[in-house]
**Q** 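Take this structure first; my questions come after.
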Amino acid sequence: AAKEEGNRISWSFCSPGIAARVPIVSIVNQSMNTSSHVPDVSAPEQIVHPCRVVFLVENGSFPRDRRVLLEATTLKRSGYEINVVCRQSDGDRAHFKIIEGVRVYRYWAWEGDGALAYVLEYGCALLSCFCILFWIWARHDFDVLHAANPPDLFVVIAAPFKLFGKKFVYDQHDLCPELFDAKFGKGRGSLIRKALLLFERCSCRVADLVIVTNQSFYDIAIQRSSIQPEKVHIVRNGPDLDHFRLGAPRPELKDNAAFMALYIGDMGEQDGLDRLVKAAHHIVHVRGRRDVLFVLLGEGPSCRDLKRLACSLGVEAHLRFHGWANDAEILAHLSTADVCLTPDPPLVINQLSTFVKIMEYMSCGRVTVSFDLLESRRTAGPAAIYVEKDAPALFGDAILAILDDTKKREELGRMALERVRTSLHWGLSRQVLLKAYQQMNGPTGAPIRGHRAGISTSGHRSEPGGGE
């Protein structure tokens, strides 16, 4: 029998006077109080209710993962019932929440660096996701499992549920083999890389629907996994213009500096923040400019090393490591910044990836300084400044050049905003996502399924004596 004890759920295998309890997963009491009336399983009539989707996320938390947030809320507003299973975040460690009508289940995640740390992280994540998913299946049931990589290991969880008629959506945020190369060096651990390619191929082939972020990912999915093109849909990382829009600047955020150079995003080795810190050193100590404040919004495994690097180069007074920021803080900084930065170096994974941060910069009419990357140029077009060589000094020179040219900066900012409004905003991606889901759901395309009477229309399994 299942019993509720505070914030824990335990299974009791009972005989008179004996009970052995095995903790399954921590979930707050609110998740338990969603039952309905007693089901009449003998009733022959059919009713319909929203198609039930479960998102599995390991590489971020909800709602911090902007892409998953947009996808989940888009489906929710279109009539789907949404659950998200993800890791806890530093700012919010609640195990269960309802956010914008989405049920969010969070698990504790192992963190660390090195091969062993990744094994522990992904092993713990897979076990936690499976336990929570099994709970959702028993409690509410689901129709679609939507897995956002990395890692590509969620196919191990999805495959057994396919036997029960569940559909699997593989949402490829990153190319894991190329990401491995960026972290550990190309060719190192070839067996691991081959395993990553295998899991990527299995994910694409087992999936009923494959979603990718850009044309490069689309081409790779078809060629490397040998799947049919009609199975793959490009859902770009466009900003939601109803939310991301220019506000009033807040000069106090510049801390008395004449200019603000802003970075928003993760701080991992492949993100190139060491180039940004070295560019700041070039600007301050080589070019003699002390009127630029560098603000970094984000966190990641490289954050501590970056702070040490800033101190060793003598530029710590000109950098602000803000940590993760909420939406209001992000928009305030974007509305105040004079230039935005994308220091991701020209690695293969970065050449092929579309960065959310670039389009968020553009949606607020801000010019971006970036290394010359394939997909970054496809995103920003002529509305950005591109540095051809992987050289921090050249990156710093490009920053100063655009800061000192007010007319060009304003012109490129207007061009960036117009480019987002006409071809890159989330409204266009929303249509592709919904069309892809409708295609997967069959001829009717409707986000509903028929079930026997006695199951609540909200998709919850009924229990005696419960109340909605």
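Heavy-atom basis, side chains included; hydrogens, waters and symmetry copies ignored. Computed from a predicted structure; not experimentally measured.
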**Q** Is the charged tip of Lys166 near the ring of Phe164: under 6.0 Å from the six-membered ring centre and within 45° of its axis?
**A** no
**Q** Nearest 0.5 Å please: distance from the CH2 atom of Trp110 over to the CD atom of Glu121.
**A** 10.5 Å
**Q** Determine yes or no for a side-chain-to-main-chain donor-acceptor pair under 3.5 angstrom, with Asp65 supplying the side chain and Arg67 the backbone.
**A** yes
**Q** With a 6.0 Å cut-off on ring centres, are Tyr80 and Tyr437 close enough?
**A** yes
**Q** Listing request: all salt bridge (charged side-chain N to carboxylate O under 4.0 Å, His left out) pairs with a residue in residues 283-293, at least two apart in sequence or in separate chains.
**A** Arg287-Asp397, Arg289-Asp291, Arg289-Asp404
**Q** Quick check: does any side chain N or O of His140 sit under 3.5 Å from a backbone N or O of Ile136, one acting as donor and the other as acceptor?
**A** no
**Q** Can you give the donor-acceptor pairs under 3.5 Å from side chains of residues 257-279 to other protein atoms, not counting sequence neighbours?
**A**
unit_1	atom_1	unit_2	atom_2	d
Tyr263	OH	Asp266	O	2.6
Asp271	OD2	Gly268	N	2.6
Arg275	NE	Asp390	OD1	3.1
Arg275	NH2	Asp390	OD2	2.9

**Q** Between atom CZ of Arg93 and atom OG of Ser61, what is the distance when rounded to the nearest 0.5 Å?
**A** 9.5 Å
**Q** Scan for salt bridge (charged side-chain N to carboxylate O under 4.0 Å, His left out) pairs involving residues 362-374, sequence neighbours excluded, and state none if there are none.
**A** Asp372-Arg377
**Q** Between the main-chain N or O of Cys129 and the side-chain N or O of Tyr105, is there a donor-acceptor pair closer than 3.5 Å?
**A** no
**Q** Quick one: does any side-chain atom of Thr342 pair with a main-chain N or O of Ser370 as donor and acceptor, under 3.5 Å?
**A** no
**Q** Within the distance-only criterion (no hydrogens, no angle test), does the side chain of Arg236 pair as donor or acceptor with the backbone N or O of Ser429 below 3.5 angstrom?
**A** no
**Q** Which pairs pass side-chain hydrogen bond (donor to acceptor under 3.5 Å, both in side chains) with one or both residues in residues 306-328, sequence neighbours excluded?
**A** Arg66-Asp327, His243-Asp327, Asp255-Arg320, Asp305-Arg308
**Q** Any non-hydrogen side-chain atom of Phe55 less than 4.5 Å from a side-chain atom of Val169?
**A** no
**Q** Any carboxylate oxygen within less than 4.0 angstrom of a Lys/Arg side-chain nitrogen, looking at Glu375 and Arg378?
**A** yes
**Q** Any pair with a residue in residues 292-303 that passes salt bridge (charged side-chain N to carboxylate O under 4.0 Å, His left out), sequence neighbours left out, goes on the list, sorted by first then second residue, please.
**A** none
**Q** Applying salt bridge (charged side-chain N to carboxylate O under 4.0 Å, His left out) as the test, list every pair that has at least one member in residues 197-206; sequence neighbours left out.
**A** Glu200-Arg224
**Q** So Trp137 and Phe134, would you call those rings parallel, tilted or perpendicular, with 30° and 60° as cut-offs?
**A** perpendicular
**Q** Look up atom OG in Ser128 and atom CH2 in Trp108, then write down how far apart they are to the nearest 0.5 Å.
**A** 8.5 Å
**Q** Has Asn149 got a side-chain atom pairing as donor or acceptor with Tyr170's backbone, closer than 3.5 angstrom?
**A** no
**Q** Answer yes or no: does atom CZ of Phe130 have more than 12 heavy-atom neighbours from other residues, nucleotides or ligands under 6.0 Å?
**A** no
**Q** Is it possible for you to check whether Lys162 lies under 6.0 Å from the centre of the six-membered ring of Phe168, through NZ or CZ, and within 45° of that ring's axis?
**A** no
**Q** Has Glu388 got more than 12 heavy atoms of other residues, nucleotides or ligands less than 6.0 Å from its CD?
**A** no
